[in-house]
Q: 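I am attaching a structure below and will ask some questions about it afterwards.
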Amino acid sequence: MGQRTAFLIKRTYWNGKVNVRLVHHQWGIGRVMHNHFIKAFFEMITNNYYPAKTLKDFMTIIDDEHSLYKEQNFRKGSKRIPDIFEKKVIKRYFSKTDNNNGGMIIDIKEKQSDKEPYTLKIEDLKIGFVVGDEECNYNYDLGKYIGEKPFERLYTGEGYVRISCGGEYAYPEFISMWNGFIRQYEIEEVADSKQINNDLVA
């Protein structure tokens with residue numbers, strides 16, 4: 001049971017090493033993934049912990065032995081490091097999940113340094129969302145999807161919440177807060193389209 005989603009997270013550490021992880025989230029519909037991300041982000045930048053949280057701690061709030069689908073580590077400069085916003089890469093990772101409602105993609109890069117920093121210093125942070133098969137139109141008579149296919153198109157946080165569960169959780173107050181948060185912290189949203197007033201603009 002559940003509206004199954006996942007986080008695809010790429011973390012580039014201060015020394016150039018990269019970790020890519022795919023984490024299952026059983027109830028990530030609507031605003032849930034957004035809220036997990038906001039909580040994890042503020043845990044990183046407020047530094048109210050001893051010892052201070054680092055990038056290794058980022059987005060581990062839902063991890064347990066059953067939720068981690070896949071984890072890969074890459075050396076600095078490896079040619080195998082994936083671009084997690086590339087469509088083929090997205091489909092390859094999400095095909096490994098028990099997933100019907102899409103997910104959130106996060107690419108966070110720490111400022112490069114000769115020695116390990118005491119606290120996290122973010123150099124770059126990009127995010128995007130994909131929808132799953134429940135938000136796509138499958139024609140059983142024809143045996144194919146009509147229009148968009150699952151995990152094929154990238155959405156902003158606003159775009160995802162307007163589509164997920166038919167927009168049931170797309171409250172104006174939440175959308176205003178989310179867009180303000182993105183602007184305030186200069187987080188880049190990677191998307192194929194932007195959604196304004198319920199109309200998709202290419």
Side-chain angles (χ1 to χ4, degrees), residues 4-28 32-99 101-130 132 150-151 154-157 160 181-182 185-191:
R4 301 181 296 278
T5 57
F7 289 101
L8 176 57
I9 306 158
K10 178 180 177 182
R11 299 178 292 183
T12 302
Y13 299 116
W14 62 274
N15 56 9
K17 294 182 179 179
V18 175
N19 171 268
V20 177
R21 55 197 357 240
L22 182 66
V23 184
H24 175 71
H25 192 323
Q26 185 75 5
W27 298 99
V32 175
M33 290 186 291
H34 302 63
N35 289 329
H36 273 299
F37 170 73
I38 292 170
K39 181 178 185 293
F41 177 82
F42 279 118
E43 283 183 349
M44 295 294 97
I45 66 170
T46 53
N47 297 316
N48 291 328
Y49 298 88
Y50 184 81
K53 286 183 175 288
T54 69
L55 190 55
K56 291 180 181 179
D57 303 302
F58 178 70
M59 292 303 293
T60 59
I61 52 176
I62 59 170
D63 282 14
D64 60 41
E65 61 181 335
H66 303 295
S67 69
L68 190 59
Y69 271 112
K70 186 174 181 64
E71 185 156 31
Q72 295 174 290
N73 292 299
F74 301 89
R75 292 191 301 255
K76 180 180 180 180
S78 170
K79 294 181 179 179
R80 296 177 54 242
I81 298 173
D83 176 356
I84 60 170
F85 292 108
E86 185 179 305
K87 301 305 170 58
K88 290 181 180 178
V89 173
I90 292 170
K91 289 181 180 180
R92 186 172 76 238
Y93 276 100
F94 277 91
S95 69
K96 303 178 187 301
T97 69
D98 173 20
N99 187 308
N101 284 93
M104 184 176 187
I105 301 166
I106 303 166
D107 188 344
I108 183 169
K109 185 177 183 181
E110 196 169 25
K111 286 187 177 180
Q112 302 297 281
S113 175
D114 294 330
K115 60 180 180 179
E116 185 170 7
Y118 178 70
T119 59
L120 174 64
K121 295 180 180 178
I122 300 172
E123 179 177 299
D124 191 48
L125 177 54
K126 299 176 182 176
I127 62 172
F129 291 81
V130 290
F151 317 115
L154 283 160
Y155 288 91
T156 63
Y160 179 85
F181 163 72
I182 292 297
Y185 293 99
E186 299 180 339
I187 298 169
E188 181 180 349
E189 293 190 287
V190 180

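Side chains are part of it too, since the values below use all heavy atoms of this structure and drop only hydrogens, waters and symmetry mates.
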Q: Could you report the tightest heavy-atom contact between Thr54 and Met44, atom names first, then the distance?
A: O-SD, 3.4 Å
Q: What distance separates Lys17 NZ from Lys56 NZ, expressed to the nearest 0.5 Å?
A: 8.0 Å
Q: What residues form a side-chain hydrogen bond (donor to acceptor under 3.5 Å, both in side chains) with Asn15, not counting sequence neighbours?
A: none
Q: What's the separation between atom NZ in Lys109 and atom CG in Leu55, rounded to the nearest 0.5 Å?
A: 12.0 Å
Q: Could you pull out all residues at least two apart from Tyr13 that satisfy ring-ring contact (aromatic ring centres under 6.0 Å, His included)?
A: none
Q: The criterion is salt bridge (charged side-chain N to carboxylate O under 4.0 Å, His left out); which residues satisfy it with Lys111, sequence neighbours excluded?
A: none
Q: Please list, chain by chain and in numerical order, all residues satisfying salt bridge (charged side-chain N to carboxylate O under 4.0 Å, His left out) with Lys10, sequence neighbours excluded.
A: none
Q: Is there any salt bridge (charged side-chain N to carboxylate O under 4.0 Å, His left out) pair reaching into residues 66-75, and which pairs are they, with sequence neighbours excluded?
A: Arg11-Glu71, Arg21-Glu71
Q: For residues Ile127 and Ile182, determine if any side-chain heavy atom of one lies less than 4.5 Å from a side-chain heavy atom of the other.
A: yes
Q: So among Phe129, Phe7, Phe41, which one has a ring-ring contact (aromatic ring centres under 6.0 Å, His included) with His34?
A: Phe129
Q: Take Leu154 and Val130 through the test side-chain contact (heavy atoms from CB on, under 4.5 Å) and record every step on the way to the result.
A: CA-CA 5 Å; Leu154 283 160; Val130 290; 4.0 Å; yes
Q: Verify, without hydrogens or angle tests, whether Asn99 (side chain) and Asn101 (backbone) share a donor-acceptor contact under 3.5 angstrom.
A: yes
Q: Using the test side-chain hydrogen bond (donor to acceptor under 3.5 Å, both in side chains), find all partners of Tyr93 that sit at least two apart in sequence or belong to another chain.
A: Gln72
Q: Please walk me through it: do Ile106 and Leu125 pass side-chain contact (heavy atoms from CB on, under 4.5 Å)?
A: CA-CA 7 Å; Ile106 303 166; Leu125 177 54; 3.9 Å; yes
Q: Taking all heavy atoms of Pro150 and all of Gly132, pick out the closest pair and write down the distance.
A: CB-C, 3.9 Å
Q: Counting only heavy atoms not in Glu186, do more than 12 fall under 6.0 Å of its CD?
A: no
Q: Verify, without hydrogens or angle tests, whether Thr5 (side chain) and His25 (backbone) share a donor-acceptor contact under 3.5 angstrom.
A: yes
Q: Just to verify, what does Asp114 make a side chain to side chain contact (heavy atoms under 4.5 Å, CB included) with, not counting sequence neighbours?
A: none
Q: Side-chain donor-acceptor pairs under 3.5 Å in residues 78-85, sequence neighbours left out?
A:
from	atom 1	to	atom 2	distance (Å)
Ser78	OG	Arg80	N	3.1
Asp83	OD1	Phe85	N	3.0

Q: Where does the angle between the aromatic ring planes of Phe42 and Tyr185 fall among parallel (under 30°), tilted (30 to 60°) and perpendicular (over 60°)?
A: perpendicular
Q: Can you label the angle between the Tyr69 ring and the His24 ring as parallel, tilted or perpendicular, going by 30° and 60°?
A: perpendicular
Q: With sequence neighbours excluded, tell me which residues meet side-chain hydrogen bond (donor to acceptor under 3.5 Å, both in side chains) with Lys87.
A: Asp192
Q: Can you tell me how far apart OH (Tyr155) and CD (Glu189) are? Round to the nearest 0.5 Å.
A: 14.0 Å
Q: Residues two or more places apart in sequence or in another chain: which of them pass ring-ring contact (aromatic ring centres under 6.0 Å, His included) with Phe151?
A: Phe94
Q: So, taking the atom named NZ in Lys76 and the one named OG1 in Thr12, what distance separates them when rounded to the nearest 0.5 Å?
A: 11.5 Å
Q: Going by the ring-ring contact (aromatic ring centres under 6.0 Å, His included) test, which pairs reach into residues 102-128, not counting sequence neighbours?
A: none
Q: With sequence neighbours left out, write down each residue that passes salt bridge (charged side-chain N to carboxylate O under 4.0 Å, His left out) with Lys121, or none if nothing qualifies.
A: none
Q: Out of curiosity, Glu110 CD to Ile122 CD1, how far, rounded to the nearest 0.5 Å?
A: 9.0 Å
Q: Starting at CG of Leu8, measure out to CD1 of Ile90 and round the result to the nearest 0.5 Å.
A: 7.5 Å
